[in-house]
2 protein chains.
Amino acid sequence: MQVDFQESDFHAALVTSVVVFGFDGDDLKILVAEKKNEPFSGALILPTRVVQPGVAVELAAKELLSTVTGKDDWYLEQLNAFARLYRNPAGRVVNIAYYGLVKLDDQLKTSLRKDDHAWYASDDVPPLAYDHDEILEFARERLKRRVKRRPIGFSLLPREFTLNQLQSLYECALGKSFDKRNFRRKILKSELLIELEKKTDPTSDVKKPSQLYMFNEKKYRKMTLKGYDFVF
Amino acid sequence: MQVDFQESDFHAALVTSVVVFGFDGDDLKILVAEKKNEPFSGALILPTRVVQPGVAVELAAKELLSTVTGKDDWYLEQLNAFARLYRNPAGRVVNIAYYGLVKLDDQLKTSLRKDDHAWYASDDVPPLAYDHDEILEFARERLKRRVKRRPIGFSLLPREFTLNQLQSLYECALGKSFDKRNFRRKILKSELLIELEKKTDPTSDVKKPSQLYMFNEKKYRKMTLKGYDFVF
DNA sequence: TCAAAAGTGTTAATCCTACACCCATGC
DNA sequence: GCATGGGTGTAGGATTAACACTTTTGA
């Protein structure tokens, strides 16, 4: 039972990458970084940083996101550790990757603090360096599962949203489309939504105003914890 | 974008722990180790070993299991990385934990190669040292999810088994009980099982002989990949 | 008045749940 | 013949999937 340590056992570097899904009401996007220094300068990668000794991994990931976006309350969930041997020639690198969700409002969309980061349409992300494609794929699968079992809209939609936006989110995340009537019936039956006394402002686009909803936060939290079946 | 490395970044030790669920036809059991050296000599922990430089983590986990059990084909799945800062006073220790499933036949049950390992009933595992209780709980949750979405019986049951054994497995894993008729209907409808021309040998116990089944392996693989809904 | 998106019900098929008794065997 | 576990069917309610037209608005 070999679990005690020698000096030489402390040989691994620890990094963290994040896959952030943002939804702007129409499309799912992913935050991507461009590598600025060698090796692989110019290559696209997931936002990534080295985890310094004494810093909790999730905290490092959150700080990374704060630095890049200016926003500093992040819900993150660990994806997995990626520790392929050939990850880096300098030695073993363990990447503990996270997945996060965010409402992609105009501010976030246009004002990334670091100019080497950008939002890419989720199903149009160019190939990434290292094994980040694998991490991204893993995150996409996680998102699909989460969407099916938990009411994730809360993290991805603005406070007030329409049923069409919600449906569009589910369709983006799962990559298929649903019958509008069935979708509405199902989502309304859950009583997760509160119908507001408001409609969208029709002035913005050439549109009929649309009923707004918000989440019933109490019920929402219960369901997020317990999980449920929202299988489409 | 800080992703390149300095000497001082390689500061973490890497270990792997495994949560192995074994099913013997009646009960779910978990493989537990007793720590033989200081610190915490005598404490119970999950089977664990330090991952040496140049060894893939999953391979290290498999080797650990081979050494302990003598069996060397293991299906493992990564659980998560556990990297709490206070995990070990010697420095940061990252534990990449795995979960595995095994048919617990008499040989495995009685002939663990190392005498500091033992099988404990799954819901009767004493408190473990370090953060291994947390890892175990994580594994139990994973098992529940897997049971619901994938036909995991293949890994846990003998080649030929009865429907009652299968039901018993589902009941152990999910911690609740099911109606026999409904269970059978559901599992047979999936066409995942092949009814054999055989019954259990009634001589062994004081029992009526019982119909034996095996898995339809082809269909089984398809479902394992795609996932499905076997929600009870 | 037209284009664009919002909104709305019904039906048939399927699936789920609850429920209780007879059967084959070894002792 | 009895104790033990093995095996079986039905009915009512709930859930799902498929389906197309009308409404409101701004231009």
Side-chain angles (χ1 to χ4, degrees), chain A residues 24-27 147-149 151 157-158 160-172 174 176-214 223 227-232, chain B residues 24-27 147-149 151 153 157-158 160-172 174 176-214 223 228-232:
Chain A
D24 63 4
D26 295 311
D27 289 304
V147 162
K148 284 189 181 187
R149 321 288 298 191
L157 288 169
E160 308 182 342
F161 53 88
T162 69
L163 290 185
N164 285 316
Q165 286 177 311
L166 185 61
Q167 179 168 353
S168 167
L169 166 59
Y170 276 85
E171 291 179 340
C172 286
L174 294 173
K176 49 181 169 169
S177 57
F178 303 107
D179 181 90
K180 213 193 319 186
R181 283 165 291 191
N182 293 339
F183 182 86
R184 278 160 193 245
R185 211 190 337 272
K186 196 164 191 170
I187 205 97
L188 288 174
K189 184 162 52 67
S190 74
E191 295 179 55
L192 224 53
L193 300 187
I194 296 168
E195 184 170 338
L196 301 175
E197 307 283 305
K198 277 182 172 177
K199 305 217 161 200
T200 48
D201 205 351
T203 53
S204 63
D205 245 347
V206 200
K207 267 178 235 165
K208 177 178 172 177
S210 175
Q211 179 62 50
L212 285 167
Y213 293 82
M214 54 181 281
M223 299 213 127
Y228 71 144
D229 275 293
F230 207 87
V231 179
F232 284 104
Chain B
D24 63 4
D26 295 312
D27 289 304
V147 162
K148 284 187 181 189
R149 320 288 299 190
L157 287 170
E160 308 182 340
F161 54 87
T162 69
L163 290 184
N164 285 317
Q165 287 178 312
L166 185 62
Q167 181 169 351
S168 167
L169 167 59
Y170 275 86
E171 291 180 339
C172 286
L174 295 173
K176 50 182 170 169
S177 56
F178 303 107
D179 180 271
K180 215 196 312 190
R181 282 165 292 191
N182 294 340
F183 182 86
R184 278 161 193 246
R185 211 192 335 273
K186 196 162 190 170
I187 205 95
L188 289 175
K189 183 162 53 64
S190 74
E191 296 179 54
L192 224 53
L193 301 186
I194 297 168
E195 184 170 338
L196 301 176
E197 307 282 307
K198 276 181 173 179
K199 305 216 160 199
T200 49
D201 205 351
T203 52
S204 61
D205 245 347
V206 201
K207 267 176 234 164
K208 176 177 172 178
S210 175
Q211 180 63 49
L212 286 167
Y213 294 82
M214 54 182 280
M223 298 212 128
Y228 71 145
D229 275 293
F230 207 88
V231 179
F232 284 103

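Residue numbers begin at 1 in each chain, while the letters A, B, ... track the order of the sequences. From a predicted model like this one, the values you see are computed outputs, not experimental measurements.
Note on the helix from dT1(C)-dA27(D) to dC27(C)-dG1(D): terminal axis deviation equals 0°, with five pairs used at each end and the result rounded to 10°.
The phosphate of dG7(D) (OP1 or OP2) has a side-chain N or O of Ser210(B) nearer than 4.0 angstrom.
Rounded to the nearest 0.5 Å, atoms OH (Tyr170(A)) and CD1 (Ile187(A)) are 4.5 Å apart. Here the CG-CD distance, from Asp27(A) to Glu171(A), works out to 12.0 Å after rounding to the nearest 0.5 Å.
The distance from atom CZ of Phe161(B) to atom C1' of dG6(D) is 16 Å, rounded to the nearest whole Å. Here dG6(D) presents its P atom at 18 Å from NZ of Lys198(B), a figure rounded to the nearest Å. Atom CD of Gln165(B) and atom P of dG6(D) are 9 Å apart (whole Å). One can place NZ of Lys148(B) at 15 Å from C1' of dC16(C), the figure rounded to the nearest angstrom. The distance between atom CD of Gln167(B) and atom P of dT8(D), rounded to the nearest whole Å, is 13 Å. The distance from atom CZ of Phe178(B) to atom C1' of dC16(C) is 13 Å, rounded to the nearest whole Å. Straight-line distance from the CG atom of Leu188(A) to the P atom of dG7(C): 11 Å, rounded to whole Å. Computed from coordinates, the Lys199(B) NZ to dG5(D) P distance equals 18 Å when rounded to whole Å.
Contact annotation for Asn164(B): backbone-only contact, meaning every heavy-atom pair under 4.0 Å involves sugar-phosphate atoms and none involves a base.
Thr200(A) contributes a side-chain N or O that, together with a main-chain N or O of Ser210(A), makes up a donor-acceptor pair within less than 3.5 Å.
Contact of the Gln211(B) side chain with the Leu163(B) side chain is not registered, since no non-hydrogen atoms from C-beta on lie closer than 4.5 Å. At least one side-chain heavy atom of Lys148(B) sits less than 4.5 Å from a side-chain heavy atom of Leu174(B). At least one side-chain heavy atom of Asn164(A) sits less than 4.5 Å from a side-chain heavy atom of Arg184(A).
Checking Leu193(A), Ile194(A), Leu157(A) one by one against Tyr213(A), the side chain to side chain contact (heavy atoms under 4.5 Å, CB included) holds for a single residue, Leu193(A).
Nearest-nucleotide assignment on DNA chain C puts the 5′-proximal partner with Leu163(A), out of Leu163(A) and Lys180(B). Of the two residues contacting DNA chain D, namely Arg181(A) and Tyr213(B), the nearest-nucleotide position lying further toward the 5' end is that of Tyr213(B). Each of Pro209(A) and Asp179(A) has a nearest nucleotide on DNA chain C; the 5'-most of these lies closest to Pro209(A).
Closest approach to the Asn182(B) side chain among dG7(C), dG7(D), dG9(D) is made by dG9(D) (side chain taken as heavy atoms from C-beta onward). Side chain of Arg185(A), nearest nucleotide from dA17(D), dT25(C), dT10(D): dA17(D). Distances from the side chain of Arg184(B) to the nucleotides dC16(C), dT8(D), dA18(C) place dT8(D) closest.
Evaluation of atom-type donor-acceptor distances gives no pair under 3.5 Å for the side chain of Lys208(B) against the base of dG26(C).
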